[in-house]
Amino acid sequence: MTDTTIHRFPDPTQLYAAAADAFVSEAIEAVAARGRFTAALAGGSTPVGLYERLAQPDLHGGLEWNRVEFFWGDERTVPPDHEGSNYRMARLTLLEPRHIGDEHVHRIRAERADTAAAASAYEDDIARCLGVPAGGSPPVFDLILLGLGPDGHTASLFPGTRALDVRERWVVVNEVPQLSTTRITMTFPLINRARAVHFLVTGENKAAALADAFRRPRDPARYPNHGVHPDNGRVVWFVDEAAASVMDG
Ligand code: 6PG
């Protein structure tokens with residue numbers, strides 16, 4: 001049974017401070033229990049404030065950053081130095097400021113011409129790092145960070161796209177006609193094994209999607225975020241008042 005919590009904040013700054021504390025708390029707990037913390041980062045623009053907060057020196061001192069294994073929930077099919085790269089965004093805002101070693105950074109090589117091979121290689125990297133056989137049951141990430149699109153998508157699981165129905169893969173290539181692009185994304189089977197999922201949602205442009213997330217009957221084909229319900233995990237929503245403005249109506 002999924003345990004879902006929603007935290008509302010007056011503004012993004014307070015949201016990012018709380019989300020950073022929650023990230024660190026999950027990490028310290030994971031390191032104490034299992035010696036490391038496996039985290040899949042979200043892309044887009046919303047997480048920038050969180051990653052910048054995590055990079056600030058005054059942050060909680062209890063986390064050994066070299067115990068964190070960084071992954072991504074999805075990636076655009078662009079080079080790693082492209083302004084649209086989710087890896088680049090996290091590298092600039094968090095990985096470099098925190099001096100995270102390359103051995104702890106597991107990016108999706110979505111720039112490869114053979115995107116199917118890139119998705120498979122990422123699955124192999126996940127299997128190797130999390131210590132499970134490739135192709136078997138999905139491994140358990142300690143934390144998966146997710147955003148929410150105005151259309152209800154999350155990661156690169158967009159409404160009406162084929163990746164929504166995938167059950168036997170952890171990571172797939174997903175054609176996204178809405179954006180006339182191709183993405184590589186984690187799938188629901190992998191996401192729903194996580195110990196914790198944190199959604200980060202800010203801004204008025206997400207208000208309708210957030211209301212749909214909580215008030216519409218479950219329909220992942222139309223509202224992909226509905227497909228996120230970890231079997232034995234916690235889902236925590238970090239939302240600001242601008243994004244929550246329609247929910248109360
Ligand atoms: C991506 C993300 C995507 C994002 C939402 C929200 O690669 O873009 O994985 O799911 O979280 O589109 O994007 P913003 O944070 O930019 O609003």
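Start at 1 and go down the list; that is how both ligands and their atoms are numbered. Owing to the predicted nature of the structure, the values given are computational and were not obtained by experimental measurement. Only this structure's heavy atoms are used, side chains among them; waters, hydrogens and symmetry mates stay out.
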Mark the output for Glu75 as yes if a heavy-atom distance to ligand 1 is under 4.0 Å, and as no if none is.
-> no

Consider only side-chain N and O atoms of Asp74 and Thr185, and report whether a donor and an acceptor are under 3.5 Å apart.
no

Among all protein heavy atoms, pick the one closest to [atom] and tell me residue, atom and distance.
| atom | result |
| --- | --- |
| atom 11 (O) of ligand 1 | Gly147 CA, 3.3 Å |
| atom 15 (O) of ligand 1 | Thr46 OG1, 2.6 Å |
| atom 17 (O) of ligand 1 | Lys206 NZ, 2.6 Å |
| atom 12 (O) of ligand 1 | His153 NE2, 2.6 Å |
| atom 6 (C) of ligand 1 | Leu148 O, 3.6 Å |
| atom 8 (O) of ligand 1 | Arg76 NH2, 2.7 Å |

| said: Does this structure show an ion pair linking Arg8 with Glu241, if we count only N-O contacts that are shorter than 4.0 Å? | reply: yes

Taking distance alone, with N or O pairs closer than 3.5 Å, would you say [X] contacts ligand 1?
| X | answer |
| --- | --- |
| Ala155 | yes |
| Thr154 | no |
| Ser156 | no |

Note: ligand 1 atoms sitting under 4.0 Å from heavy atoms of Asp74 are 1 (C), 2 (C), 7 (O), 9 (O)

For Asn86, the atoms of ligand 1 under 4.0 Å from one of its heavy atoms are 1 (C), 7 (O)

Determine, using ring centers only, whether [Y] and [X] are less than 6.0 Å apart.
| X | Y | value |
| --- | --- | --- |
| Phe199 | Phe238 | no |
| Tyr87 | Phe70 | no |
| Trp72 | Tyr122 | no |

Ring-face cation contact, Tyr16 with Arg53, 6.0 Å cut, 45° max:
no

In Arg234, Arg34, Arg195, the residue satisfying salt bridge (charged side-chain N to carboxylate O under 4.0 Å, His left out) with Glu26 is Arg234

Q) Phe71 vs Phe141 aromatic rings, parallel, tilted or perpendicular, using cut-offs 30° and 60°? A) perpendicular

